Asker: 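Can you keep this structure in mind? I'll have questions shortly.
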2 protein chains.
Amino acid sequence: MTAGTERVRINGEPASTVSAFDRGFLYGDGLFETIRWVDGDVPLWARHRERLAEGCARLGLPVPDGSLEADIAEVAAGLPDAVIRLTLTRGVGKRGYALPDAVPGTRVVAATPSPTMRAGAYTEGLHLRLCQTRLAVQPALAGLKHLNRLEQVLARAEWNDASIDEGLMFDMEGRVVCATAANIFAVFDGELLTPALDRCGVAGVARAEVLALQTDVHVVALTLDTLLQADELFLSSSVRGILPVRSLPGRDWTPGPVTRQLQAHWLDLGLPPLKSPEFAA
Amino acid sequence: MTAGTERVRINGEPASTVSAFDRGFLYGDGLFETIRWVDGDVPLWARHRERLAEGCARLGLPVPDGSLEADIAEVAAGLPDAVIRLTLTRGVGKRGYALPDAVPGTRVVAATPSPTMRAGAYTEGLHLRLCQTRLAVQPALAGLKHLNRLEQVLARAEWNDASIDEGLMFDMEGRVVCATAANIFAVFDGELLTPALDRCGVAGVARAEVLALQTDVHVVALTLDTLLQADELFLSSSVRGILPVRSLPGRDWTPGPVTRQLQAHWLDLGLPPLKSPEFAA
């Protein structure tokens, strides 16, 4: 990505670089959000704001004021479908891990055109592999979308086969947690199960939307054996929406009614499926 | 820190900012070294190079060529005593965790004058507290000095009392691992014990030097109860050198002969104690 400054604002000004002494760069000391913008709106914005506020509280960062929304509107202006990456860091401080004294944080807001998804991703579903890289158990950081993402980088580096769409990740004790960049739900007799994220994993805003919608939803410890017996499996992502799982090693599915119903809800929210490359602008 | 470009080189050129799309900033996807420079030399350079090579191999980053040493000499030129921060990242790629196709990485080399240590730090020792923040068990990243350092940031944020010099950190299962920015050794009847770092923690270059010097040294699982019975405790740090531990909650020590002998070795290496603020230039 070699975006110029026209679609990036840093601390409210057009810019495309950050200090080499920013604690985001030195230590990953910050948070981010990936946000879908469609036709001048961010349908899940209230949930992004809520997660951001919780992350700021847990890491001791100031919560951004209303100029954040203005920055988003500015960088995404004119784009019909875009992904906004918002990055908040503790800013530039003196050397070492100790928190700097009341320095302003750094806020990067950048827009890029939305990615495409291969044809069939929404209608037939995704092929998932099982990742070898495990997620470490760290309750102090669990659920946050913080900038320490080497585990996801290592997991995603395990495959380079375009026929594999995503990888399922497990914690150190073998419990299912998430995909590398999405949350996962299993459907059993119309009831939804999704992994608890109080030990590791990112609590996605799309996951929060599904949890708020459904009455029969249970946040539990989940094993692969349980997943393989589900009636339906799907992934949730703020950018990609609701994606049926078509296969895991050892089992195939066809998209089921609960997945379809949630995809319809996403459309109602104003979040249509991402285009396939043939139809992208 | 508001260094200008005169003591920072990025990819071999004077500069002080990095792309807001650098994977170091986006995901903490990289490594760093903190290196002490004294009078035109880096006494532990071979060990820094060795750790860097191992880190690059494990994260799949290219190992820097000899222009790295030239960059260090350039940024530190004229400084009698300096800390070099070297940061290597996977560079700027397309959006998402997937590894970019053969993009050049980013290399930041920055020099700052060495920090001071309070009077008595080397002669009487440091006061340590016990950190509540635990280190997650993650063998895939253990030992590496990577850019995902939120655990250390949270641990260091636990205290703001100038009479506390460092914090002792434990893993999720309660084993002793390290201080927030140093390794730890315990002495029993002339034998050294230090925590194994195959599950979490950073394998410091000063620790490697101690391990190479001593014949009676054992890399083991260590508990706090064991530490509290030690004849001597000391910390090792590439920047700060060999630091006696004066107290942990529940026990005081006076610096012992093994600690003194290692401090003398550090002096022989060309790494004198950091100055106290009264005597800093």
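Letters go in sequence order (proteins before strands), and every chain restarts at 1. Computed from a predicted structure; not experimentally measured.
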Asker: Using 0.5 Å steps for rounding, measure from the CG atom of D22(A) to the CZ atom of F25(B).
Answerer: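 It comes to 5.0 Å.
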Asker: Find the one option among T106(B), L59(B), V83(B) whose heavy-atom pairs under 4.5 Å with chain A are most numerous.
Answerer: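 Answer, by heavy-atom pair count under 4.5 Å with chain A: V83(B).
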Asker: What residues of residues 141-159 of chain A make heavy-atom contacts with chain B at a cutoff under 4.5 angstrom?
Answerer: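 At a heavy-atom separation under 4.5 Å, chain B is reached by L141(A), H146(A), L147(A), N148(A), R149(A), L150(A), E151(A), Q152(A), V153(A), L154(A), R156(A), A157(A).
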Asker: Report which part of N160(B) has an atom under 4.5 Å of a heavy atom belonging to chain A: side chain, backbone, both, or neither.
Answerer: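 Neither the backbone nor the side chain of N160(B) comes within 4.5 Å of chain A.
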Asker: Only pairs at least two apart or in different chains count here, so list each ring pair (Phe, Tyr, Trp, His ring centres under 6.0 Å) that has a residue in residues 68-118 of chain A.
Answerer: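 Applying ring pair (Phe, Tyr, Trp, His ring centres under 6.0 Å) to every pair that reaches into residues 68-118 of chain A, excluding sequence neighbours, yields Y27(A)-Y97(A).
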Asker: Would you find more than 12 non-hydrogen atoms of other residues, nucleotides or ligands less than 6.0 Å from E69(B) atom CD?
Answerer: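 Yes.
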Asker: Determine which residues belonging to residues 170-181 of chain A lie within contact range of chain B, meaning some heavy atom pair is under 4.5 Å apart, and list them by number or answer 'none'.
Answerer: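 Result: M172(A), T180(A), A181(A).
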Asker: Measuring heavy-atom distances to chain A, does P100(B) have an atom under 4.5 Å in its side chain, in its backbone, in both, or in neither?
Answerer: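 Neither; nothing under 4.5 Å.
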Asker: Could you pull out the closest heavy-atom pair between R95(B) and V239(A), with the gap in Å?
Answerer: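 Nearest pair, atom of R95(B) first, then V239(A): NH2-CG1, 4.2 Å.
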Asker: Taking only residues two or more places apart in sequence, or in another chain, which ones meet R23(A) in a salt bridge (Lys or Arg N to Asp or Glu O under 4.0 Å)?
Answerer: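 Here the qualifying residues are D29(A).
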Asker: Taking side chain as everything from C-beta outward and backbone as N, CA, C, O, which of these in L26(B) sits under 4.5 Å from a heavy atom of chain A? Side chain, backbone, both or neither.
Answerer: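 Interface part for L26(B): both.
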